[in-house]
Amino acid sequence: MEKLRINEVAPRDGLQSQPRQVSCDDKLRLISALVDAGVAAIEATSFVSPKAVPQMADASELFPRLPDPQRIRYSALVPNERGLERAHQAGVREFAVVLSATETMNRRNINMGLPEATNVCASTLAAGIGTGMTGKAYVAVAFACPFEGLVAEDRVIDLTERMFAAGAVEVVIADTIGAAAPRAVGKLLHHAVRRFGAERLSLHLHDTRGFALANAWAAMEEGIRGFDTSVGGLGGCPFAPGAAGNLATEDLVLMAEQCGFDTGIDIAKLRLAMAVATSITGASLGGRTAQWLCAEDARRLKNVEQKAGD
Ligand code: COA
Ligand code: ZN
């Protein structure tokens, strides 16, 4: 069976904009449930300014406490060299920088214009790699920006090229506000795959308009096998108005497995992680398959009860 690489981002993208402050212990409960379900790669936190994102203020406390660090690939997002230093001290081996494809989105997100952000991302990558860490880069708002509208494909390809040139092992193309549709996803990824190779690319999707699964499939048709997903569809960027939840892990796992791909994730155990996600955030789940999965649970329970009564 062909493998799909799933990078779980609920602990970072999913929790960063939650209105209810989530404690470090609760984050670890969520991460442990994800690990138990078979998730092999997790973006655990971000080393950003605690003033900008209060939910991630505990990054240095959380990272050294992560379960099974030898087996699980944990990563963390860093916006600058200050974040890189903090990450390095906390034991991070794999980090990600975020470069938005437009001037305004960079200003809102990291308080730099596009040229400065490009340079800072490149120098942060080089500095991290120099200390033996592995670095990857997000190219955010790669299809549309909430402030500047549609983003030109050439610009995304160019920024992707620059991040590879700076040493990124992987570039994650991100539909930060969930504005892309399958044809645009297929077209951009077709060019990117031809230029850079599918194994070095992955896709980060939001489900704002309900297109995330269709977009994932369009990318899979172009050979993309790496995806960021978030359990329960938790997610949203505090600096990108209109960004709703991420592509839900359970949605992609269910579709991929039904289409003959191996994700390594046990959907029944993922149900427990979904329950933890709901209980620690108090938020209702955003994934599209949650309702069906609940109905399946009820059906199975009924079968078990019937058998016990026989
Ligand atoms: N971690 C912790 N603190 C940091 C930091 C980091 N990575 N980078 C800067 N700071 C601190 C500085 O020490 C300074 O603290 P002080 O006010 O106590 O002196 C303060 O933050 C401002 O620093 P400055 O360099 O002027 O940054 P800024 O105000 O221009 O903000 C960022 C720039 C990048 C630090 C901030 O915008 C940020 O963290 N953005 C992340 C946004 C995000 O996570 N988005 C979602 C994911 S894409
Ligand atoms: Zn996101």
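Small disclaimer: the values here were computed from a predicted structure and weren't measured. Positions are given from 1, in the same order as the sequence printed here. In each ligand, atom 1 is the first atom listed, and ligand 1 is the first ligand listed.
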Do the charged groups of Asp158 and Arg162 touch, with an N to O distance under 4.0 Å? yes
Salt bridge present between Glu296 and Arg299 (N-O < 4.0 angstrom): yes
Identify the protein heavy atom lying closest to atom 29 (O) of ligand 1, giving its residue, its atom name and the separation to 0.1 Å. Asn111 ND2, 4.1 Å
Run down the list Arg82, Gln55, Arg108 and name the one with the heavy atom closest to atom 10 (N) of ligand 1. Arg82
Would you call Glu250 and Arg271 a salt bridge, taking side-chain N to carboxylate O under 4.0 Å as the test? no
Going by heavy atoms, is Arg12 under 4.0 Å from ligand 1? yes
Under 4.5 Å between side-chain heavy atoms, counting indirect links through other Ile/Leu/Val/Met/Phe/Trp/Tyr residues: same cluster for Ile173 and Tyr138 or not? yes
Any Met56 heavy atom less than 4.0 Å to ligand 1: no
Find out whether the Lys NZ or Arg CZ of Arg93 is both under 6.0 angstrom from the six-membered ring centre of Tyr74 and within 45° of the ring's axis. no
Which class fits the ring pair Phe63 and Phe47: parallel under 30°, tilted 30 to 60°, perpendicular over 60°? tilted
Check whether any N or O atom of Gly83, backbone or side chain, sits under 3.5 Å from an N or O atom of ligand 1, and answer yes or no. yes
Please tell me if atom 19 (O) of ligand 1 is touched by the protein, where touching means a protein heavy-atom distance below 4.0 Å. no
Got a protein heavy atom sitting under 4.0 Å from atom 46 (C) of ligand 1? yes
Does atom 13 (O) of ligand 1 have any protein heavy atom closer than 4.0 Å? yes
With the threshold set strictly below 4.0 angstrom, can you tell me whether any protein non-hydrogen atom sits that near atom 25 (O) of ligand 1? no
Linked, directly or transitively: Val156 and Leu125 (ILVMFWY side chains, under 4.5 Å): yes
Any atom of ligand 1 sitting under 4.0 Å from a heavy atom of Pro50? yes
Taking both backbone and side chain into account, is any N, O or S atom of Asp13 nearer than 2.8 Å to the Zn ion (ligand 2)? yes
Nearest neighbour of atom 41 (C) of ligand 1 from the list Leu84, Val97, Asn109, Asn106, on a heavy-atom basis: Asn109
Side chain, backbone, both or neither: which part of Phe47 comes within less than 4.0 Å of ligand 1 when only heavy atoms are counted? backbone
